[in-house]
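For reference, the structure discussed in these notes is given below.
Proteins come first, then strands; the chains are lettered A, B, ... in the order of their sequence lines, and each starts at number 1.
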Amino acid sequence: MEEDGFAATKLFNCGYSYTYDDVIFLPHYIDFSTDDVSFSMRRVPLLSSLMDTVTEGAMAAAMASLGGFEANMNSTEQLCLALIHKCKALKTVKQIQAFTCKTGLDTDRLVAGKLIFHCVVSISDALDYGRRVFSHFPDPDVFMYNTIIRGLAESDAPQSAIAAFTEMRRGSMVIAPPDSFSFAFVLKGAANYGSLRAGVQLHCQAIRHGLDTHIFVGTTLVSAYAECGCVGSAKKVFEEMREPNVVAWNAVVTACVRCGDVKGAVGMFDRMPIRNATSWNVMLAGYTKAGELELAKKVFLEMPVKDDVSWSTMISGFAHNGCFYEALGFFRELRRVGMRPNEVSLTVVLSMCALAGAIEFGKVLHGFLEKSGFLWIISVNNALIHTYSTCGNVDMARLIFEGMPKSKSIVSWTTMIAGLAMHGRGEEAIQLLHDMKASGIRPDRVTFISILYACSHAGLIEEGRTYFSKMVDIYGIEPAIEHYGCMVDLYGRAGKLQEAYDFVCQMPISPTAIIWRTLLGACSIHGYVELAEQVKERLSELEPNDSGDHVLLSNIYAIAGKWKDVAAVRRSMTDQRIKKTPGWSMIEVDKMMYTFVAGEKHDKITQEAYEKLREIMLKLRVEGGYVPEVGSVLHDIEEEEKEDSVSRHSEKLAVAFGMERLREGKIIRIVKNLRVCRDCHTVMKLISRVYRLEIVVRDRSRFHTFRDGSCSCRDYW
DNA sequence: CTAGGGTTAG
């Protein structure tokens, strides 16, 4: 796959030095008849009612607003152009558009082009209107097409940019051939759509037009290939460019980073003749994505000019690696040097709260956003929805979602659906899908991942099946590995292990380690020892050193009482030097985050938690009838020792600490990096009953809300 | 045309 993209283009020898090592037949035109890329050029009646509202007086007032320009206005065309340039809102654009209809300027090429351009580029949420003006124009030229393609490429439906390009090509008998802008914009659409097929075909066409080494086209080709995971092709396109500028260099370094090729990125970075702040920022992102935080910090300190992007990259990079303290440090540093937080740095900090489960800090930020007017930005709202959902307060997320000031984007809908899903509120998530369709937004592949996730976590098996086939049949979305993963989880979680296994065997793409791991997790919930062994064998072929897989298998044996097998797994782990991922849990008290690690460091805080925990466990035995469950302990050690090891799990410590420090009646919210174990689950249920407390635990796969002795997951996780 | 953020199965 990797090299196919580039090899295919070699078919077209257009006077360039391509060699043919691989011949793949491709048509000379883009054929998307099988894809769902409708692009309707329907002529819509436009604004006949508005036309009458444009009075001479209104136009005179508009002219007056032009001030100094007025003297040079010697034609209505020029007047219109100047007026359009001044427009800041769609409402005014509509007025002028009505004026052009009235004066016959609607067929003026310059004016129409300017109108379309203004709608697409300068005014937000006006793409649709621009499209309508476009569709009204009798014979649109390349510039108009380019503008429309440009807007569509950045829209929620980037595939329609490709369709628009195709339509332009079909009409190429009457209009001029595509230029470098056409290719740059449509390739951006292909990249956003993530379609290698479209990318390759466009590359072919670019070669035929002699534009593939054009600086803009080449640069976009590099990033389009990278977006499809073809880092080799991206590099080759770059190497063929005759005089790459800084932007092209940045693009190729970015391509390496996108595809996880840090070495390649460093190599390219070192070769760069000139570097601006962007180049350094790309390296920061590259290092943090690879988990190389020290190197990222080194580059950050060394770089000559830091801009707002640099800080956002550091905050996000450290947060995604679990280093919340340092991440917050960069946010403080940003303010200390006198930079104003912008909407991106704020969403980055919000997403840090989401990762850390820091709801109190999130609320502080929410207040700040409200006061400083940031809530007008859609992405900021999306970040808030995500933060509240992943911090356990999905109702607050819903309030923000409902109250969004501007229109909701596809991300807003999908985020909300995913939020409901992770709280087990499957029916509401499905209802939201219908509301979304009713409001005219088409669900995409990510939306369906969230829907299938919702079905599996709420035990809605039939619904899950239905939506999977609807996605394919009605929406023409080809299922990706993520969708298959959801389906395996859906069957497995519900105890339909045979169906899950059959499903994996019938998948048209080869199952990844993640797929097998999902199945292994299902085996562990439902105690299928034999199937687990089979599945583990597959995993050993694919990823033999994953500690989680070993621990899961060992737990499956332990629950079945097969202590010899437990010991064998443990031995093989020691032999292969596989270390268990240490479990940690976090709790926020007075806007401070406290992290507990099982059986680690006996500092004052941990001591305090232990002491409280001892007291709680005693009370649970006496008043709650608690008997420890030790099935999920890795070692076949003495019973008493096992019990001791279970009693030290980090989530218990975090809960105990919360009970000690938090105000009475406060909900105890815990975030854990692994899945919560059975014994801890039981203990939490008991605590919620005996102490009349509410505990919310976010583990690596979902939320557990413990209330009155039971859990929202209905013991199903 | 290039960099940072908001959605994504386990």
Side-chain angles (χ1 to χ4, degrees), chain A residues 150 180-181 183-185 187-188 191 214-224 226 244-255 257 276-286 288 307-317 319 342-352 354 377-387 389 409-419 421 443-454 456-457 479-490 492-493 512-522 548-549 552 675 700-702:
Chain A
R150 175 180 183 171
S180 56
F181 289 95
F183 279 109
F185 295 144
L187 277 164
K188 188 75 198 282
H214 180 281
I215 190 82
F216 287 4
V217 180
T219 302
T220 342
L221 266 171
V222 169
S223 43
N245 59 10
V246 202
V247 178
W249 276 101
N250 288 342
V252 75
V253 181
T254 308
V257 167
N276 57 15
T278 301
S279 324
W280 295 86
N281 288 339
V282 175
M283 287 313 294
L284 290 183
T288 57
D307 60 12
D308 50 345
V309 176
S310 321
W311 267 279
S312 297
T313 309
M314 293 307 272
I315 300 167
S316 155
N342 60 11
E343 83 256 28
V344 176
S345 57
L346 286 163
T347 46
V348 166
V349 185
L350 272 176
S351 113
M352 182 199 79
I377 300 166
I378 294 183
S379 61
V380 170
N381 283 280
N382 296 345
L384 270 174
I385 295 167
H386 179 233
T387 306
S389 313
S409 71
I410 189 164
V411 177
S412 322
W413 288 95
T414 307
T415 310
M416 195 62 243
I417 289 173
D444 68 359
R445 36 175 288 279
V446 183
T447 315
F448 276 104
I449 295 172
S450 302
I451 282 292
L452 295 175
Y453 173 78
S456 92
H457 282 256
I481 196 75
E482 292 91 341
H483 301 102
Y484 289 115
C486 289
M487 292 308 284
V488 175
D489 188 55
L490 179 86
R493 207 176 273 275
T512 55
I514 294 171
I515 298 286
W516 292 116
R517 198 164 292 142
T518 309
L519 208 50
L520 191 65
D549 296 343
L552 262 180
R675 276 161 73 148
R700 73 177 295 158
S701 81
R702 62 166 299 145

For A/Ala184, answer base if it contacts any base atom (sugar-phosphate contacts may also be present), sugar-phosphate if it contacts only those atoms, and nothing otherwise; contact means non-hydrogen atoms under 4.0 Å. nothing
Under 4.0 Å between any heavy atoms, over every strand shown, what does A/Ser180 touch: base, sugar-phosphate, or nothing? Just pick one. nothing
From the list B/dG5, B/dT7, B/dT2, which nucleotide is the closest neighbour of the side chain of A/Ser223? B/dT2
A/Val411 side chain, from C-beta outward: closest of B/dT7, B/dT8, B/dG5: B/dT7
Please confirm whether the backbone N or O of A/Ile385 pairs with a side-chain atom of A/Asn382, one donor and one acceptor, at under 3.5 Å? no
Indicate, with a heavy-atom threshold strictly under 4.0 Å, whether A/Asp549 touches base, sugar-phosphate, or nothing. nothing
Does the plane of the ring in A/Phe181 sit parallel, tilted or perpendicular to the ring in A/Phe185? Use 30° and 60° as the thresholds. tilted
Measuring from A/Ile514:CD1 to A/Leu520:CG, what's the distance to the nearest 0.5 Å? 13.5 Å
Given B/dG4, B/dG5, B/dC1, identify the nucleotide with an atom nearest to the side chain of A/Ser379. B/dG5
Has A/Asp549 got a side-chain atom pairing as donor or acceptor with A/Leu552's backbone, closer than 3.5 angstrom? no
Within the structure shown, what part of the strands sits under 4.0 Å from A/Asn276 by heavy-atom distance: base, sugar-phosphate, or nothing? nothing
Is the phosphate of B/dT8 approached by A/His483 (side-chain N or O, under 4.0 Å from OP1 or OP2)? no
A/Ser412 side chain reached by A/Ile378 side chain, heavy atoms, under 4.5 Å: yes
Look at the side chain of A/Cys486 and decide which nucleotide, out of B/dC1, B/dA9, B/dG10, has an atom nearest to it. B/dA9
Between B/dG10, B/dA3, B/dT8, spot the one nearest the side chain of A/Val309, thanks. B/dA3
Between B/dA9 atom P and A/Arg702 atom CZ, what is the distance in whole Å? 13 Å
Base, sugar-phosphate alone, or nothing: which one does A/Asn381 contact when heavy atoms must sit under 4.0 Å apart? nothing
Side chain of A/Lys188 only, heavy atoms from C-beta on: which candidate in B/dT8, B/dT2, B/dG6 is closest? B/dT2
Using modelled atom types only, decide if a donor and an acceptor are shared between the side chain of A/Ser316 and the backbone of A/Ser312 within a distance under 3.5 Å. no
Roughly, in whole Å, what's the span from CD1 in A/Ile449 to P in B/dT7? 13 Å
Whole-Å gap separating C1' (B/dT7) and CZ (A/Phe448): 14 Å
Short side-chain N/O contact to B/dG10 OP1/OP2 from A/Arg493, under 4.0 Å: yes
Reckon A/Val348 touches a base, only the sugar-phosphate, or nothing at all at heavy-atom distances under 4.0 Å? sugar-phosphate
Rounded off to whole Å, could you give me the CG-to-P distance for the A/Leu452 and B/dA9 pair? 11 Å
Could you verify whether a donor N or O on one side chain and an acceptor N or O on the other, from A/Thr447 and A/Ser450, lie under 3.5 Å apart? no
Examine B/dT7: is either OP1 or OP2 under 4.0 Å from a nitrogen or oxygen in the side chain of A/His386? Give yes or no. yes
Under 4.0 Å: is that the gap between some side-chain N or O of A/Ser312 and OP1 or OP2 of B/dG5? no
Quickly work out the A/Leu384 CG to B/dG5 C1' distance and round it to whole Å. 13 Å
Please report the distance, rounded to the nearest Å, between CH2 in A/Trp413 and P in B/dT7. 18 Å
Closer than 4.0 Å, any side-chain N/O of A/Ser351 to the OP1 or OP2 of B/dG6? yes
Tell me the interatomic distance from A/Met283, atom CE, to B/dA3, atom C1', rounded to whole angstroms. 12 Å
Choose from B/dT8, B/dG4, B/dG6 the nucleotide whose nearest atom is closest to any side-chain atom of A/Asn382. B/dG6
At under 4.0 Å between heavy atoms, what does A/Ile481 touch on the DNA or RNA strands: base, sugar-phosphate, or nothing? base
With sugar-phosphate meaning primed atoms plus P, OP1 and OP2, does A/Arg700 contact a base, only sugar-phosphate, or nothing at under 4.0 Å between heavy atoms? nothing
Quick check for you: among B/dA9, B/dG6, B/dC1, whose closest atom lies nearest to any side-chain atom of A/Ala383? B/dG6
Picking from B/dG4, B/dG10, B/dA3, the nucleotide nearest the side-chain atoms of A/Ser316 would be B/dG4
Check the distance between B/dG4's P and A/Asn250's CG and give it to me in whole angstrom. 11 Å
Candidates B/dG5, B/dA3, B/dC1 - which lies nearest the side chain of A/Asp307: B/dA3
